[in-house]
Amino acid sequence: MAKEITSRAENYSQWYNDIVKKAGLADNSAVRGCMVIKPYGYAIWEKIRDQLDKMFKETGHVNAYFPLFIPKSFLSKEAQHVEGFAKECAVVTHHRLMNDPNGKGVIVDPEAKLEEELIVRPTSETIIWSTYKDWIQSYRDLPLLINQWANVVRWEMRTRPFLRTAEFLWQEGHTAHATENEARQEARMIHDLYAQFTEEFMAMPVIQGAKSENERFAGAVDTYTIEALMQDGKALQAGTSHFLGQNFAKAFEVTFMNEKNESEFVWATSWGVTTRLVGALIMTHSDDDGLVLPPKLAPIQVVIVPIPRPDPELVAKAEEIANGLKAKGVSVKIDLDDSKRPGFKFAEYEMKGVPVRLGLGARDMANNQIEVARRDTKEKDNVSLDGIVEYVTELLDDIQNNLLKRAYDFRQANTTRVDNFDDFKRILDTKGGFVLAHWDRTTETELKIKEETKATLRCIPIDAPEEAGICVYSGKPSSRRVLFAKAY
RNA sequence: CGGGACAUAGCGCAGCCCGGUUAGCGCACUUGGUUUGGGACCAAGGGGUCGUAGGUUCGAAUCCUACUGUCCCGACCA
């Protein structure tokens, strides 16, 4: 047994770390709080990125790139915004090093102090809105629909690979609109796009909702979120879309002339998802044998293992099958490594979450069949080589659907409606998961609940039906249930 | 930033309490051979400033002090 991972039951955090490491997704780095994303982990991110990028472009957005550094003065222009990020910013104060006159090594050259310090972007609203001011003159310049793929830095106390790192990769969309309504629609449209993406591609169902005032993005009027439920019963915020009102337009004086030749402030949105999605993917589907990937995001969808070794006849047949699959758009790897035995390879590909494994040996060739193993259920079947391409492409769809259904069923089974605070606490302590409860819509109650239960108000679901009830904490009237959970 | 644990080869660990030749084991790696349908076996080999800096001592992986880092549990957060 070369590689083993801690079971989820034994230690969920350790299980997660083991998967990240042993599936080859990421390593710790020499820099505290920062990870190295390894090729296999990055390949998953690329799949996520490419699909989202396509969806953004289909909805009229274009990509651009803004600077990593933000003048300190920019960050202080929007009061709530700076308050939200001030505690976790990396600051550049100097621009030069020099040899240490007292010994070996280098020191910061005290002569090279910057006149104005630069902040490493924790998010780009300020630099972008200072730029948009110059780009927008007329209603004819609107809407401005721009996205950027970038890295950002938030100096977090405690980090975990993919879920929270000091530096992470993301996309941030920043749009400007002539009317409030159009901006609100944009924020909601992206919110829907995110939900569609996570469900269709990540096979991860999400609850769509609005954040409470307390949980809202610093500087936003409304924040929409997609909340996913992880296997340990904790919620994970997987993406947010913000309606920013005219807050940034006012802070950066971004105005335009409307059709009546009147000057107006523009209406704004911003929205983003991060490499955290890779963490979400891990914690939604994986099991005690390793990573489980949905076919639509798997860097390798099918691996063919010649058994017992890659002999020429087997490889020739494997290539024939692989070419058939590739013609259908399936990514296939033929394992040509002859230094490892099949059993080792099986375990390895299971650890890496490859959705389908085909085992091809002389015995199979003689019987005109092949061994098909699916990662999600670990079932194995001997399947005729005739029509194998169709069989596998259908199986990939089936796995994708099965993962979504499994995650959805898990969420259903771990979503509990409660009507009093005793039940609320009991469910969170025993079962965990999502809790749907009535809430009186005050921040005071929200904070009390958080203090007493560690559960946070994840969102006010957009599809929650109107339902008369009383707040589980205060007993005051409420018209709909909201979503609480312990969260990452 | 609080509470706890840990730091010895790429990874996982033993040795430390009770200081004493050349610091050991498993996995991984290299070479050769035998194997090969679920993590092969045999043999030979390479790889270490024992986290860093001080201190005690004739002598420190081992004892003392400080620092740094990592992990787990909290608080903060995508």
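Chain identifiers are assigned alphabetically (A, B, ...) following the order of the sequence lines, protein sequences preceding nucleic acid strands; residue numbering begins at 1 within each chain.
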(message) When both hydrogen-bonding distances must be under 3.5 Å and the geometry is Watson-Crick or G-U wobble, what is B:G19 paired with, if anything?
(response) none
(message) When you measure only distances, ignoring hydrogens and angles, does the side chain of A:Glu350 come within 3.5 Å of the base of B:G38 through a donor and an acceptor?
(response) yes
(message) So, OP1 or OP2 of B:A40: does either fall under 4.0 Å of a side-chain N or O from A:Arg341?
(response) yes
(message) Below the 4.0 Å mark, does B:C71 have OP1 or OP2 next to a side-chain nitrogen or oxygen of A:Ser13?
(response) no
(message) Parallel, tilted or perpendicular, judged at 30° and 60°: which one describes the rings of A:Phe252 and A:Phe248?
(response) parallel
(message) Tell me which nucleotide, if any, is Watson-Crick or G-U wobble paired with B:U56 when both distances must be under 3.5 Å.
(response) none
(request) Could you work out which one of B:G39, B:G37, B:C71 sits closest to the side chain of A:Asp364? (result) B:G37
(request) Name the pairing partner of B:C25, where a pair is Watson-Crick or G-U wobble with both distances under 3.5 Å, or state none. (result) B:G12
(message) Counting only Watson-Crick pairs (N1-N3 plus N6-O4 or O6-N4) and G-U wobbles (N1-O2, O6-N3), all under 3.5 Å, who is the partner of B:A40?
(response) B:U34
(message) Please confirm whether the shortest side-chain N or O distance from A:Arg158 to OP1 or OP2 of B:C73 is below 4.0 Å.
(response) yes
(request) Test A:Arg375 against every option in A:His285, A:Lys352, A:Glu350 by the side-chain contact (heavy atoms from CB on, under 4.5 Å) rule and name the one that passes. (result) A:Glu350
(message) Among B:C71, B:G39, B:G37, which nucleotide has an atom closest to any side-chain atom of A:Asn17?
(response) B:C71
(request) Run the salt-bridge test on A:Lys57 and A:Asp53 with the 4.0 Å N-O cut-off and return the result as yes or no. (result) yes
(message) Less than 4.0 angstrom between a side-chain N/O of A:Lys450 and OP1 or OP2 of B:C76, yes or no?
(response) yes
(request) Look at the side chain of A:Lys380 against the base of B:G38 and say whether a donor-acceptor pair falls under 3.5 Å; ignore hydrogens and angles. (result) yes
(message) Whether A:Lys454 contacts B:A75 is assessed here as follows: a side-chain N or O lying under 4.0 Å from the phosphate OP1 or OP2. Is that the case?
(response) yes
(message) Determine whether a donor-acceptor pair (N or O, by modelled atom type, separation under 3.5 Å) exists between the side chain of A:Thr274 and the backbone of A:Trp170.
(response) no
